[in-house]
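First up is the structure itself, then whatever we jot down about it.
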Amino acid sequence: QVQLVESGGGLVQAGGSLRLSCAASGRTFSSYAMGWFRQAPGKEREFVAAITWIAGSTYYRDSVKGRFTISRDNAKNTVYLQMNSLKPEDTAVYYCAAQTERLSKYGYWGQGTQVTVSS
């Protein structure tokens, strides 16, 4: 009964910013890390960023380093993705996902939120 709900997507001009949120809920929810993935039109899903719940270790794909920041609020079971200096190529549906254990697959996924960056 794990539920992941993304929010914060929308339309923004190139160079602008958006902050995505992923609220995790469920009576028995627990995970090692949360990740953000995205899928652009006609392309495969790709990893964007991840953060571990306890240590707060972060990981980013190269193309978003210096522009995106992932963070978490453990008390709220919420993960955020602050996206700055957005580019048209960032346009995609963004999904949050939960990783149960280190090196394991992401077993729980949200339904996604659309991010559109206009040029």
(request) Could you tell me which non-hydrogen atom of S17 sits nearest to which non-hydrogen atom of Q82, and how far apart they are? (result) CB-NE2, 4.0 Å

(request) Check L81 against A49 and note the closest heavy-atom contact, atom names and distance. (result)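 Nearest pair, atom of L81 first, then A49: CD1-CB, 4.2 Å.
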
If we ignore hydrogens and angles and just use 3.5 Å, is the side chain of [X] paired with the main-chain N or O of [Y] as donor and acceptor?
X    : Y    : answer
T113 : G9   : yes
S119 : P88  : no
Y94  : E6   : no
R38  : V93  : no
R72  : T78  : no
Q99  : S104 : yes

side-chain hydrogen bond (donor to acceptor under 3.5 Å, both in side chains) partners of [X], counting only residues at least two apart:
X    : answer
Q111 : none
S63  : R61
K76  : none

(request) Could you please spell out the steps behind the side-chain contact (heavy atoms from CB on, under 4.5 Å) verdict for Y59 and F47? (result) CA-CA 10 Å; Y59 308 87; F47 170 80; 4.2 Å; yes

(request) Determine, step by step, whether K87 and D90 satisfy the salt bridge (Lys or Arg N to Asp or Glu O under 4.0 Å) criterion, reporting the C-alpha distance in whole Å, the side-chain angles of both residues, the deciding distance to 0.1 Å, and the verdict. (result) CA-CA 5 Å; K87 304 175 181 180; D90 294 318; over 6 Å; no

(request) Using side-chain contact (heavy atoms from CB on, under 4.5 Å) as the criterion, point out the one residue from Y32, Y108, Y106 that pairs with T100. (result)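 Per the side-chain contact (heavy atoms from CB on, under 4.5 Å) rule, the option paired with T100 is Y108, out of Y32, Y108, Y106.
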
(message) Classify the ring geometry of F37 against W109: parallel below 30°, tilted from 30° to 60°, perpendicular beyond 60°.
(response)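 F37 and W109: tilted rings.
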
(message) Whether R19 engages the ring of Y80 as a cation-pi pair (distance to the six-membered ring centre under 6.0 angstrom, angle to the ring normal within 45°) should be assessed.
(response)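 Checked: cation-pi criterion met.
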
